[in-house]
Amino acid sequence: METGKVVVERIRGRSTVTQCFAKYPLKLIIPRKVGTSQTDAVWIYTLTYGGGIVSGDTISCGITIGDGCTTVLTTQASTKVYKSVGSKCSEQVLEARIGSDALLVLIPDPVTCFSTAKYSQKQVFRVMSDSSLLIVDWITSGRHESGEKWDFGFYKSTNHIFLEGDKPLFLDTTLLEQGSTATVAERMQDYQVIAMVILLGWVVAILSSSLSCSYSLNVLRYSVMY
Amino acid sequence: MEGEVVINDGTNKPASMDSLLQWSQWQLIDSILPTGGFAHSFGLEAAIQARLVSGPEGLRTYVIQVLENTGSLLLPFVYSASISPDMQTWHKLDKMLDATLTNEVGRKASIAQGSALMRVAAAVFQEVPNLKTLRDTSLSTGAVCFHHAPIFGLICGLLGSDVQTSQRAYMFMIMRDVISAATRLNLVGPLGAAVLQHQVAVVAEDLSKKWMDRAVEEACQTMPLLDTVQGCHGYLFSRLFCS
């Protein structure tokens, strides 16, 4: 049973939410006045009750962006994943269908896993050949003010993009698990954030070409971005 | 009266066939096989220039991290290809790996090594005519990128290698190539490299056991820093290696 569902369709020439459903532990807020009146974009904020994901929570959300629509999916604050109780793993799943000439911008705050937390997220995007995507997926090392640096138990993030049904365009899973040959902190060295940005489609082509000009070897020294 | 051939009770194959297979296996993982593996440092050159690796202790850690990431990301492709060494499986795995290798440097390196390996194998292992047929058909349709890991699994499967040996051999090859790159990058001398390789073999065996026999849907990367650094190889002003 899905925890949340949103459908965005083009009504009278504007991106409009035609279906919206969410149940505990997920809450969806769709404010009307985020962008200017000239901008045609639906802004959706995903929230969790209590400000974070509790051990064992499972959240699954389905979103459909109709042809020609623009939707932004974001969060109110960083996604905090609380400590794992009884080795339970929390999970978030997002299934998004993006229509022809449509744009989905997924720009959440980063995930922050507390000490011993176990968290897994999977995001599957099904696009058409002229769809556009801007996805940011990122994680911080934890509550480093409290001394927690890469101290969680298990973090797995999957991002899959399929073209026109089932053609794999982009398959990425990052797994950070304590133990085996090195702790997560050891393999991350002094870096405190990992971020991945995916740009796809004609709408973001201009943005991506200006980005690749400004980045050089400095990327290695000051940030981790790929 | 039986001839020279002795039947092996376990497998019903003549024992001489098992012995011949060993010669083929050794040739496949010998660095003298002209597959161009020596042109790739697996991100080591970029890691050294970015000061993420320095000295022999840093190298040891780096080799182990490369092996862990190889196990988690690529071993499932070797496994799946070796248990089902046919055209359809190979093409499906190749497409999946092409979508999975999001690091463009790693992706190009995989294609270069895979193409070279397929070409060499088709020419060398002539007792397996399938290899040449698969290669020629795939070249003409252009449907395949020729990624390295599935091709290695495919060859091992067609040669009759057991699945565990094939996966272990893949890990061995990666370890061999990173350490060899380290010698040429002056991070360690040839004798020191040989000592290191033997010491790391214990860890490599544990990692092989941990990551072997998994489905490709489980493939994941476990060393994001390594992946990022390798992706920066193209930005290096002066470089010895292709990747």
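Per chain, numbering begins at 1; letters A, B, ... match sequence-line order.
Atom CE of B:Met223 is separated from atom OG1 of A:Thr174 by 12.0 Å, given to the nearest 0.5 angstrom. Here CG of B:Leu226 is found 9.5 Å from CD of A:Gln189. Values are rounded to the nearest 0.5 Å. Remark: A:Thr173 OG1 to B:Leu73 CG distance equals 9.0 Å, nearest 0.5 Å.
Shown here is A:Phe170, whose CZ atom has more than 12 heavy atoms of other residues, nucleotides or ligands within 6.0 Å. Atom CD of A:Gln76 is surrounded by 12 or fewer heavy atoms from other residues, nucleotides or ligands within 6.0 Å. Applying the 6.0 Å contact sphere to CZ of B:Arg119 captures no more than 12 heavy atoms from other residues, nucleotides or ligands. The number of heavy atoms from other shown groups lying within 6.0 Å of CZ (B:Arg214) is above 12.
A:Tyr191 has its side chain within reach of B:Leu52: a pair of non-hydrogen atoms, C-beta onward, lies under 4.5 Å apart. Between A:Leu176 and B:Pro224, some side-chain heavy-atom pair lies under the 4.5 Å cut-off. Counting heavy atoms from C-beta on, the side chains of A:Leu171 and B:Met96 come closer than 4.5 Å.
Both the backbone and the side chain of A:Leu175 have a heavy atom closer than 4.5 Å to some heavy atom of chain B. Contacts of B:Leu67 with chain A are absent, with no heavy-atom separation under 4.5 Å from either backbone or side chain.
Residue A:Pro168 comes nearest to B:Ala99 through the heavy atom pair O-CB, 3.7 Å, listed as atom of the first residue, atom of the second, then distance.
A distance-only check finds a donor-acceptor pair linking the side chain of A:Arg187 to the backbone of B:Thr222 [under 3.5 Å].
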Exercise for review: Evaluate the criterion side-chain contact (heavy atoms from CB on, under 4.5 Å) for residue pair B:Gln221 and A:Asp172; output intermediate values, then yes/no.
Suggested key: CA-CA 8 Å; B:Gln221 54 146 326; A:Asp172 183 85; 3.5 Å; yes
